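Read through the structure below, which is laid out as structure tokens, and then see the notes.
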Amino acid sequence: MIKQYETVFIATPVLSEAQMKEAVKKYTDLIVRKGGEVVYEEDWGLKQLAYPIQKKSTGFYYLIEFKADTQFIERLETEYRRDERIIRFLTFAMDKHAIAYAEKKRANKQENK
Amino acid sequence: MAQNTEIRYLNPPTVEVRKKKYCRFKKAGIKYVDYKDAEFLKRFLNEQGKILPRRLTGTSLKFQRKVAQAVKRARHLALLPYVTDLLK
């Protein structure tokens with residue numbers, strides 16, 4: 001069953017820009033290869049963490065909104081756990097209110113760009 | 001049985017006028033609490049970063065659960081601290 005998900009992950013600040021791009025590409029390709037569809041991507045860049053994670057106080061945040069099959073999520077999360085560049089991740093199943101909210105946010109983002 | 005004697009106060013207890021609390025989500029028609037929006041969630045935390053109870057914020061039970069869930073997700077993603085001082 002295809003559902004809409006939203007995943008945010010934090011990469012270690014030690015990464016160079018290229019490695020960060022490569023890490024992101026790896027996950028977006030994984031989604032597309034497994035029959036999912038990336039709806040929206042957002043790069044929050046280097047942000048200050050509220051508390052140190054693994055002795056690091058900053059991290060690269062990246063958000064991916066995608067549609068995928070329910071079994072795929074487990075595969076994605078084991079991939080996250082294996083990848084040592086990712087220090088934290090969160091996957092979130094979006095209900096209809098969340099989807100409406102995300103669409104509205106994207107709409108007025110386009111507006112004021 | 002001890003018959004309850006009328007308790008007499010020295011000075012009459014001042015009943016402070018109770019502002020009618022309202023649930024800001026129902027009023028504003030917000031349907032979804034976004035866990036990524038740390039600024040908005042901060043209004044529901046006190047200085048130590050703890051979640052404010054319903055009796056202070058006046059939110060309805062349904063939205064208090066959504067707010068609590070969103071705050072916990074934001075804490076997991078290090079958008080909000082678990083405990084801090086002078087959060088504001």
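Nothing here was measured: the structure is a model prediction, and the numbers come from that model. In what follows, every chain begins at residue 1, and chains take the letters A, B, ... in the order their sequences are listed.
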* Give the minimum heavy-atom separation between B:Leu80 and A:Ala50, together with the two atoms involved. => C-CB, 3.5 Å
* ILVMFWY network linking A:Val24 to A:Leu30, side-chain heavy atoms under 4.5 angstrom -> yes
* B:Lys31 backbone acceptor or donor facing A:Tyr101 side chain under 3.5 Å -> no
* Is it true that A:Ile99 and A:Ile31 fall in one hydrophobic cluster, defined by side-chain heavy atoms closer than 4.5 Å? -> no
* Qualifying residue for side chain to side chain contact (heavy atoms under 4.5 Å, CB included) with B:Tyr32, from A:Lys96, A:Met94, A:His97, A:Lys104 -> A:His97
* To do: Find out if a path of hydrophobic residues (ILVMFWY) with successive side-chain heavy-atom gaps under 4.5 Å connects A:Phe66 to A:Ile2.
  => no
* Heavy atoms from other residues, nucleotides or ligands near NZ of B:Lys62 exceed 12 (cutoff 6.0 Å) -> no
* **Within one Ile-Leu-Val-Met-Phe-Trp-Tyr cluster: B:Val33 and A:Leu63, side-chain cutoff 4.5 Å** => no
* Asked: Is it the side chain or the backbone of A:Leu49 that comes within 4.5 Å of chain B heavy atoms, both, or neither?
  -> both
* In Å, rounded to the nearest 0.5 Å, how long is the span from OH of B:Tyr82 to OH of A:Tyr51? -> 4.0 Å
* Between atom CG of B:Leu77 and atom CZ of A:Phe89, what is the distance when rounded to the nearest 0.5 Å? -> 10.5 Å
* Asked: Side chains of A:Tyr61 and B:Lys36: does their closest heavy-atom pair fall under 4.5 Å?
  -> no
* More than 12 heavy atoms of other groups within 6.0 Å of B:Arg55 CZ -> no
* For side chain to side chain contact (heavy atoms under 4.5 Å, CB included), just list the numbers for B:Tyr35 and A:Glu6, CA-CA rounded to whole Å, side-chain angles, deciding distance to a tenth of an Å, and then say yes or no. => CA-CA 11 Å; B:Tyr35 63 90; A:Glu6 191 181 61; 2.9 Å; yes
* Mind checking whether A:Leu15 and A:Tyr27 sit in one hydrophobic cluster, side chains of I, L, V, M, F, W, Y counted as touching below 4.5 Å? -> yes
* Atom pair NE2/CD1 of B:His76 and A:Ile10 - distance to nearest 0.5 Å -> 7.5 Å
